[in-house]
Each structure stands twice: as C-alpha cells, then as structure tokens.
Amino acid sequence: MNPELISSFKELPSNKKIYFASDFHLGAPNEQESLEREKKIVKWLQQISKDAAAIFLVGDLFDFWFEYKSTVPKGHVRFLGALAELKDLNIPIIIFAGNHDLWMSDYFPQELNIPVYHKPTSIEVNDIKLFIGHGDGLGPGDRRFKFIKRIFTNPIFRLMFQWLHPNLGVGVAKFWSSKSRDFSDQKDQPFNLDSERLYQFCKKTEELDHHDIYIFGHRHLPLQLKISDNSVYYNLGEWINHCTYLEFDGNEASLKSFNP
C-alpha cells in the first residue's frame with residue numbers, strides 16, 4: 001500500500017474512526033433490490049462521514065465489474081456519487097478488489113483518486129497491526145475456485161474478454177454471476193470452525209507474523225473469532241441480509257449492523 005497512506009493512520013485522533021465494509025454485491029439479484037440496497041449504503045456512507053478518518057471497502061462492491069478502455073458497467077451512480085462526495089471531504093477511501101469485481105483497474109484511481117488493491121495488506125494504527133483483504137482464495141482447499149481465479153486473472157483471458165462488445169460481455173458475465181453468486185464452494189455451508197478457510201488462514205498467518213486484528217469479507221457471515229490470546233479475526237458479513245460493518249476507534253474494533 002502507499003507508504004504515505006499508511007503513515008496517515010499511524011496515530012488516529014480520539015474523535016475519529018476507521019470503517020470497514022464489504023460484499024455490497026450491487027447489481028444483484030435484480031435492479032430493484034440492488035437500488036434499495038444502494039440507497040441504504042449511501043445513507044451509511046453519509047452517516048459515517050461525520051467521524052471517518054478512512055473507509056475501507058473490502059471487495060465485491062459490485063456483483064460484476066469490468067473496465068473496458070473507455071466503458072464501465074452502467075448504474076450504481078448514487079454509490080459512485082457518494083464516494084466522490086466523501087473524497088471531496090478529504091476522507092481517504094481504500095478499495096480491495098473481490099472475486100466479483102476482480103477486474104477493477106484504473107477507473108477508481110483516475111476518476112475518484114481511490115486506490116484499488118488486489119492483495120491483502122497490513123497497516124498499523126496506534127501501534128495496532130491490522131491485516132486486511134477480501135479473502136477469496138485464501139486458506140486450505142477450494143481448489144475449484146482457485147483454478148477459476150487463475151484463469152480470470154490471466155492477462156490473456158482478460159484481453160480476450162475485452163474484445164467482446166460490452167453488450168455481450170457484460171451480459172455473459174452477469175449471467176455467470178447470477179448462476180454462481182460466489183465461485184467458492186463454502187458460501188452455502190453451515191458454519192464449522194474446523195473448516196472455516198479464512199479462520200485457518202489467520203491461524204497459519206499468526207504463527208508466522210503477528211497481527212492484532214484480521215479483517216476479511218467474502219464469507220458473507222459476520223464473525224468475530226479469537227485467533228490467539230491477543231489476536232482476533234473479523235468477517236465483515238454482507239449487505240444483502242446482514243448490513244454489517246466494522247468500526248475501529250484506534251483501540252477496539254466492533255461489528256455493527258446498519259439500520260437506517
């Protein structure tokens with residue numbers, strides 16, 4: 001991540017907070033339900049703008065996103081406008097691409113001055129170390145998804161898809177997304193600590209490099225799980241059913257649900 005951005009979070013003012021949210025899946029399952037969700041997300045962004053030192057949007061903001069050279073998918077103008085307003089207030093926004101919007105490129109950096117990261121990263125806030133990422137493809141197993149992701153992130157495949165006319169390419173992609181809300185095979189499985197891939201990933205990472213807080217999306221379950229005596233894993237849930245987000249005041253983190 002940009003070193004200047006990291007340094008700006010070294011000391012969080014006592015009256016400021018950092019917010020984390022993920023898995024808005026704008027565009028799904030249909031225009032009407034997506035619009036209602038989008039309006040709720042905009043209200044949440046407006047509410048947290050009062051004390052936000054930074055906002056991390058941790059992947060799958062859209063159910064599908066692809067950037068042609070001069071074209072992006074239509075819609076979501078309220079959400080994009082809200083991001084622009086936050087940037088005009090000089091509130092840093094950081095996006096992590098998820099598996100549904102992994103084809104993010106330079107649109108957000110160029111149009112809104114919002115950096116986009118495709119891999120998990122660490123930051124420090126008030127000497128508290130955080131590990132942040134969307135979470136797709138991490139942890140043991142899930143070979144099917146990891147194979148598909150390698151194909152989709154291949155530059156040649158991306159170039160081939162870009163040759164398709166947007167009317168065809170976006171249509172095909174939305175159909176694929178509707179048939180597989182997530183390529184991971186864990187979304188519909190009941191919670192089981194022993195088989196939670198992101199939990200296992202955090203445990204393994206903690207053995208190698210200590211972090212106080214691990215923050216991921218992707219799983220669609222709001223979770224707070226103890227990794228060690230001084231380390232916690234939070235999953236941000238999603239905004240189709242839970243409308244959950246994480247609030248961090250520089251000392252403690254807490255999962256909350258937005259009910260406008």
Determine all donor-acceptor pairs shorter than 3.5 Å in which one atom belongs to a side chain in residues 250-260; sequence neighbours excluded.
residue: Lys256; atom: NZ; partner: Glu247; partner atom: OE1; Å: 3.4
residue: Lys256; atom: NZ; partner: Glu247; partner atom: OE2; Å: 3.0
residue: Ser257; atom: OG; partner: His242; partner atom: O; Å: 3.1

**Q.** Residues Asp60 and His134: side-chain donor-acceptor under 3.5 angstrom
**A.**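 Per modelled atom types, Asp60 and His134 side chains form a pair under 3.5 Å.
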Q: Compute whether any side-chain donor of one residue and acceptor of the other, for Tyr214 and Glu206, lie under 3.5 angstrom apart.
A: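 Note: Tyr214 and Glu206 side chains meet the donor-acceptor criterion.
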Q | N-O pairing of Arg219 and Glu238 below 4.0 Å | A |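 Result for this pair is no, no salt bridge flagged.
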Does the side chain of [X] reach to within under 4.5 Å of the side chain of [Y], using non-hydrogen atoms?
X: Tyr233; Y: Thr205; result: no
X: Asp63; Y: Leu26; result: no
X: Leu225; Y: Val232; result: no
X: Leu236; Y: Phe216; result: no
X: Leu83; Y: Leu45; result: yes
X: His118; Y: Val116; result: yes
X: Ile128; Y: Ile213; result: yes

Q: Apply side chain to side chain donor-acceptor pair (under 3.5 Å) to Asp51 and list each qualifying residue two or more places apart in sequence or on a separate chain.
A: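 Partners of Asp51 by the side chain to side chain donor-acceptor pair (under 3.5 Å) criterion, ordered by chain and then number, come out as Tyr19.
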Q. Who pairs with Gln32 by side chain to side chain donor-acceptor pair (under 3.5 Å), at least two apart in sequence or on another chain?
A.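 Partners of Gln32 under the side chain to side chain donor-acceptor pair (under 3.5 Å) test: Glu36.
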Is there a donor-acceptor contact under 3.5 Å from the side chain of [X] to the main chain of [Y]?
X: Trp103; Y: Glu67; result: no
X: Glu33; Y: Ala28; result: no
X: Ser49; Y: Gln46; result: yes
X: Gln200; Y: Ser195; result: no
X: Lys87; Y: Asn113; result: yes

Q | Sequence-distant partners of Tyr245, ring pair (Phe, Tyr, Trp, His ring centres under 6.0 Å), two or more places apart | A |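 Ring pair (Phe, Tyr, Trp, His ring centres under 6.0 Å) check on Tyr245 returns Trp44.
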**Q.** Pairing residues for Phe20 by the ring pair (Phe, Tyr, Trp, His ring centres under 6.0 Å) criterion, not counting sequence neighbours
**A.**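 Ring pair (Phe, Tyr, Trp, His ring centres under 6.0 Å) list for Phe20, sorted by chain: Phe56.
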Hey, what's the ring geometry for [X] with [Y], parallel, tilted or perpendicular (30° and 60° as the breaks)?
X: Phe24; Y: Phe79; result: perpendicular
X: Phe201; Y: Phe131; result: tilted
X: Phe108; Y: Trp65; result: tilted
X: His25; Y: His100; result: perpendicular

**Q.** Contacts of type salt bridge (Lys or Arg N to Asp or Glu O under 4.0 Å), residue Asp127, not counting sequence neighbours
**A.**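 Listed in chain order: nothing, the list is empty.
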(Q) If you apply the rule salt bridge (Lys or Arg N to Asp or Glu O under 4.0 Å), what do you find for Lys129 with Asp209, and how did you get there? (A) CA-CA 10 Å; Lys129 196 172 181 181; Asp209 185 13; 3.1 Å; yes
Q: Could you give me the CA-CA distance, side-chain angles and deciding distance for His211 and Ser231, then say whether side chain to side chain donor-acceptor pair (under 3.5 Å) is met?
A: CA-CA 6 Å; His211 292 79; Ser231 184; over 6 Å; no
